Protein chains: 2
Amino acid sequence: MTLAARADAATRHARDDGRVPTPDSAALRAHTAIRAAILDGTHRPGEMLSENELAQALGMSRTPVRSALTRLQDEGWITIYPKRGALVRALSDREIAELADARLILEAMGVQRASAEVRRALADRLEPQLDAQRRALLARDLDGFVTLTIAFHRSFVEAAGNAVLAEIADRLTDRQRLLLSAHRETLFERVEETVAEHRSLIERLRADDPAGFAAALRGHLMDTHGPELGPV
Amino acid sequence: MTLAARADAATRHARDDGRVPTPDSAALRAHTAIRAAILDGTHRPGEMLSENELAQALGMSRTPVRSALTRLQDEGWITIYPKRGALVRALSDREIAELADARLILEAMGVQRASAEVRRALADRLEPQLDAQRRALLARDLDGFVTLTIAFHRSFVEAAGNAVLAEIADRLTDRQRLLLSAHRETLFERVEETVAEHRSLIERLRADDPAGFAAALRGHLMDTHGPELGPV
DNA sequence: AGGATACAACTTGTATCCAAGCAGAGGATG
DNA sequence: CATCCTCTGCTTGGATACAAGTTGTATCCT
């Protein structure tokens with residue numbers, strides 16, 4: 001039986017290195033390219049994506065483009081209307097608020113679940129990153145700052161030690177990149193405030209005060225993403 | 001510009017009915033069929049799925065099967081190894097525990113976020129369902145009970161009024177169907193206990209006791225899914 | 001016999017081709 | 001002038017053909 005043998009081999013391989021070795025397939029390139037184009041504003045919400053145009057622009061056939069589009073739909077970036085096309089989704093105010101709220105829940109819960117030791121270790125690990133964040137902001141290096149702040153916030157979820165939760169948080173964060181890009185000016189204007197808010201989060205960790213952490217986090221998210229969050 | 005017009009039309013349409021009109025495409029049929037086959041044990045973890053065989057069995061070409069497989073991978077059912085094949089994933093003990101824990105967090109948080117009124121209304125709405133659950137279990141109607149219990153637990157997440165969270169919970173629940181099927185015998189043996197645990201959850205809602213709800217829910221999940229949950 | 005190597009049979013990934021469907025333009029008709 | 005209808009041009013959905021990769025096996029050499 002050939003299939004069984006192959007299954008064994010694949011299972012073994014999966015055990016060896018837990019990740020797919022990245023084949024750099026055309027479908028993946030299409031996925032990252034289109035996603036990047038949405039993120040940097042090349043394709044704006046409400047725009048209709050044509051498989052043909054994308055395929056031509058990317059120098060490949062429609063097949064991998066289609067594959068990428070379905071994935072992008074599953075990830076919430078676009079909506080595919082059968083036989084009509086793919087529409088770049090706009091995040092409604094409500095959805096923005098819900099995203100931020102969901103992240104708030106996951107991060108606060110991550111910290112709450114962690115032990116006092118983990119919390120303190122986390123604080124020690126995060127504090128040195130604050131300077132890098134400030135530098136990125138001052139240099140108006142948006143991509144750099146986004147990377148840093150995403151890792152920063154991800155740490156809180158990771159503290160719970162639950163990979164499933166971390167994966168969920170990643171998906172949410174991904175959609176939120178859009179927001180960070182949109183609020184770039186606000187970010188650059190509020191350098192010290194942002195860093196100070198991050199610092200106060202760390203302080204709540206040190207003080208072993210999960211409730212205070214959650215409250216501070218709520219304030220931080222509202223300050224960053226604006227008052228449109230509203231009472232969720 | 002034609003694309004703009006089409007985008008407008010699609011946007012209008014999307015506003016009309018918030019959901020895609022279900023085109024019953026071959027890709028969707030493949031998705032549901034393969035997913036069902038994994039759920040009912042036809043394709044077991046460790047098995048290698050061949051696009052050719054699936055396409056032949058489903059009476060369609062490889063194209064929609066491929067599309068279905070990529071979606072199934074994104075949903076966590078299989079792992080695709082490039083140029084080698086698709087392996088039905090096995091849920092490790094750790095992953096099982098993490099899934100249950102993540103659901104616990106989302107449900108408990110949903111209840112905690114809800115107002116006292118919503119909690120009471122929820123209790124009133126859920127209590128009449130308990131009888132149906134018992135009947136399904138006594139009739140050994142696993143599918144019926146699974147549908148009921150999933151709706152039951154989903155209600156707690158919904159209580160927070162956050163659609164993003166609800167969607168996340170749905171994805172988790174989907175993977176957990178596998179567990180419920182695996183534990184069918186335990187379920188059928190613990191009919192009264194299961195219903196009683198559900199009833200005590202409702203009581204905690206009525207008592208306006210979110211903390212007690214979370215504790216009861218934790219106990220319930222451990223009882224249902226077994227002690228392998230461990231201390232997450 | 002043991003090990004490296006070449007081959008063969010399978011797999012998936014991509015390109016191309018054909019069919020089906022929707023949206024809009026434009027004219028015929030009341 | 002309003003309304004309906006057809007028809008055209010576009011789109012996506014699916015099927016097929018082909019290219020590229022991987023694995024297991026047989027073979028050859030040491």
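From a predicted model like this one, the values you see are computed outputs, not experimental measurements. Reminder, nothing fancy here: chain letters follow the sequence lines and each chain counts from 1.
- Among the atoms of the strands shown, none is found under 4.0 Å from any heavy atom of A/Ala86.
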Without placing hydrogens or testing angles, list every side-chain donor-acceptor pair under 3.5 Å for residues 27-34 of chain B, not counting sequence neighbours.
from: B/His31; atom 1: NE2; to: B/Glu75; atom 2: OE1; distance (Å): 3.4
from: B/Thr32; atom 1: OG1; to: B/Leu28; atom 2: O; distance (Å): 3.2
from: B/Thr32; atom 1: OG1; to: B/Arg29; atom 2: O; distance (Å): 3.0

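- For A/Glu167, the salt bridge (charged side-chain N to carboxylate O under 4.0 Å, His left out) partners are A/Arg171, not counting sequence neighbours.
- Put simply, CG on B/Leu87 is 15 Å from P on C/dT11, counting in whole angstrom units.
- The interatomic distance linking B/Leu49 (CG) with C/dC10 (P) rounds to 19 Å, in whole Å.
- Remark: P of D/dA15 and CG of B/Leu54 are 14 Å apart, rounded to the nearest angstrom.
- Between B/Asn52 atom CG and C/dG13 atom P there is a gap of 12 Å when expressed in whole angstrom units.
- In this structure, B/Tyr81 places its OH atom 15 Å from C1' of C/dT12, rounding to the nearest Å.
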Sub-3.5 Å pairs of nitrogen or oxygen atoms, protein against nucleotides 15-20 of chain C:
from: C/dA15; atom 1: OP2; to: A/Ser61; atom 2: N; distance (Å): 2.7
from: C/dA15; atom 1: OP2; to: A/Ser61; atom 2: OG; distance (Å): 2.9
from: C/dA15; atom 1: N7; to: A/Thr63; atom 2: OG1; distance (Å): 2.9

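- Residues that satisfy the salt bridge (charged side-chain N to carboxylate O under 4.0 Å, His left out) test with A/Asp40, not counting sequence neighbours, are absent from this structure.
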Stepwise side-chain contact (heavy atoms from CB on, under 4.5 Å) test for A/Asn162 and A/Arg113: CA-CA 10 Å; A/Asn162 185 322; A/Arg113 284 292 178 97; over 6 Å; no
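- Separating the CD atom of B/Gln73 from the C1' atom of C/dT12 is a distance of 13 Å, rounded to the nearest angstrom.
- Distance, A/Glu51 CD to D/dG14 C1': 12 Å, rounded to whole Å.
- B/His43 is linked by a ring pair (Phe, Tyr, Trp, His ring centres under 6.0 Å) to nothing, counting only residues two or more places apart in sequence or in another chain.
- Residues forming a salt bridge (charged side-chain N to carboxylate O under 4.0 Å, His left out) with B/Arg184 (at least two apart in sequence, or on another chain): none.
- When distances run from any side-chain atom of A/Ser50 to the nucleotides C/dT12, D/dG13, D/dT12, the shortest one goes to D/dT12.
- One can place CD1 of B/Ile80 at 12 Å from P of C/dT14, the figure rounded to the nearest angstrom.
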